[in-house]
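What follows is one structure encoded as structure tokens, with my remarks underneath.
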Amino acid sequence: MSRKRSKILFYGLTGLYFAYTLALLFFPHAVTLDMSSPLVELYSGISTLVMIIALYAHAFDKAFLPIRLVEVIIVNTIVCALWSYIETVRDDFALMSVFEIIAYTALYLILYPPIIAAMADLRSR
């Protein structure tokens, strides 16, 4: 994966999570309607932060993450993505239309493979 694409992913995800954090601060009741337990949300937040740090390391060619840690981050990202996807589809399947399920699946298939490719490229350096 090229550094330019990694930078786009890094800035895009950082911007989206910044907007989400602002929404949590200013509109907590609108954003936290059906969240999981606080422990699951903490795990998700830490996983997201670690994923963004790994994207930063790849995009800006910083070598501060050991190879074993990058491997753990890759596995954690895959587990977190699968867990999030399965939990959402399982809980909201009856409320979602076929188009929403396809769009949600496409979002995961478009977003996570480049992130994992960047981490794999970081690991190989």
Side-chain angles (χ1 to χ4, degrees):
M1 171 176 239
S2 70
R3 299 221 186 289
K4 184 177 181 180
R5 287 184 66 194
S6 288
K7 286 179 183 177
I8 291 169
L9 269 174
F10 172 74
Y11 287 127
L13 287 176
T14 303
L16 287 173
Y17 283 114
F18 180 74
Y20 177 70
T21 303
L22 286 178
L24 275 175
L25 290 173
F26 293 115
F27 311 107
H29 299 296
V31 178
T32 60
L33 290 177
D34 192 23
M35 292 181 116
S36 302
S37 69
L39 189 60
V40 171
E41 293 302 320
L42 179 66
Y43 168 68
S44 174
I46 292 170
S47 296
T48 300
L49 182 64
V50 170
M51 180 179 67
I52 288 177
I53 289 171
L55 274 174
Y56 171 80
H58 182 265
F60 297 100
D61 201 21
K62 304 291 183 186
F64 59 86
L65 296 174
I67 292 173
R68 294 288 176 216
L69 182 60
V70 173
E71 291 171 351
V72 169
I73 293 171
I74 291 171
V75 171
N76 182 57
T77 300
I78 293 169
V79 167
C80 193
L82 288 174
W83 184 1
S84 171
Y85 178 82
I86 290 169
E87 184 177 313
T88 300
V89 171
R90 184 196 66 212
D91 292 345
D92 299 333
F93 185 77
L95 302 174
M96 297 172 85
S97 68
V98 173
F99 176 75
E100 287 174 323
I101 293 172
I102 291 171
Y104 191 69
T105 304
L107 177 68
Y108 273 77
L109 292 176
I110 290 169
L111 184 64
Y112 279 99
I115 292 171
I116 294 169
M119 290 180 199
D121 188 37
L122 181 65
R123 184 187 69 152
S124 66
R125 290 187 188 164

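Numbering of residues begins at 1 and proceeds along the displayed sequence.
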ILVMFWY cluster, Leu69 and Phe60 together (side-chain gap under 4.5 Å): yes

Common cluster, Leu109/Trp83, ILVMFWY with side-chain heavy-atom separation under 4.5 Å: no

Heavy-atom pair with the smallest gap, counting every atom of Val70 and Met119: CG1-O, 3.4 Å

Partners meeting side chain to side chain contact (heavy atoms under 4.5 Å, CB included) with Val50 (sequence neighbours left out): Ile46, Ile73

With Arg68 via side chain to side chain donor-acceptor pair (under 3.5 Å) - residues at least two apart: Glu71

Acceptor/donor pairs from residues 11-19 side chains to any protein atom, 3.5 angstrom cut, sequence neighbours excluded:
residue : atom : partner : partner atom : Å
Thr14   : OG1  : Phe10   : O            : 2.6

Residue list, side chain to side chain contact (heavy atoms under 4.5 Å, CB included) with Leu82, at least two apart or on another chain: Ile78

His58 to Ser2 - nearest heavy-atom pair and separation: CE1-O, 4.1 Å

Side-chain hydrophobic cluster, 4.5 Å single linkage: members besides Ile102: Val98

Partner set under side chain to side chain contact (heavy atoms under 4.5 Å, CB included) for Ser124, not counting sequence neighbours: Asp121

CD1 on Ile8 to CG on Leu55, rounded to 0.5 Å: 12.0 Å

Side-chain heavy-atom pair Leu65, Tyr56 within 4.5 angstrom cut-off: no

Those residues that, when tested against Ser47, pass side chain to side chain donor-acceptor pair (under 3.5 Å) (two or more places apart): Asn76

Sequence neighbours excluded - salt bridge (charged side-chain N to carboxylate O under 4.0 Å, His left out) pairs with any residue from residues 101-118: none

Side chain to side chain contact (heavy atoms under 4.5 Å, CB included) partners of Pro113, counting only residues at least two apart: none

Hphob cluster co-occupancy, Leu107 + Ile116, side-chain heavy atoms under 4.5 angstrom: no

Salt bridge (charged side-chain N to carboxylate O under 4.0 Å, His left out) contacts touching residues 95-113 (sequence neighbours left out): none

Spacing of Ile74 atom CD1 and Ile115 atom CD1 [to the nearest 0.5 Å]: 12.0 Å

Residue pairs, two or more places apart or on separate chains, that pass salt bridge (charged side-chain N to carboxylate O under 4.0 Å, His left out) and touch residues 55-64: Arg3-Asp61, Asp61-Arg125

Which atom of Leu122 lies closest to which atom of Ala54, heavy atoms considered: CD2-O, 3.7 Å

Hydrophobic cluster membership, Ile101 vs Ile110, 4.5 Å side-chain cutoff: no

Listed once per pair and sorted, the side chain to side chain donor-acceptor pair (under 3.5 Å) pairs that draw on residues 101-112, sequence neighbours left out: Ser84-Tyr108, Tyr85-Thr105, Thr88-Tyr104, Tyr104-Tyr108

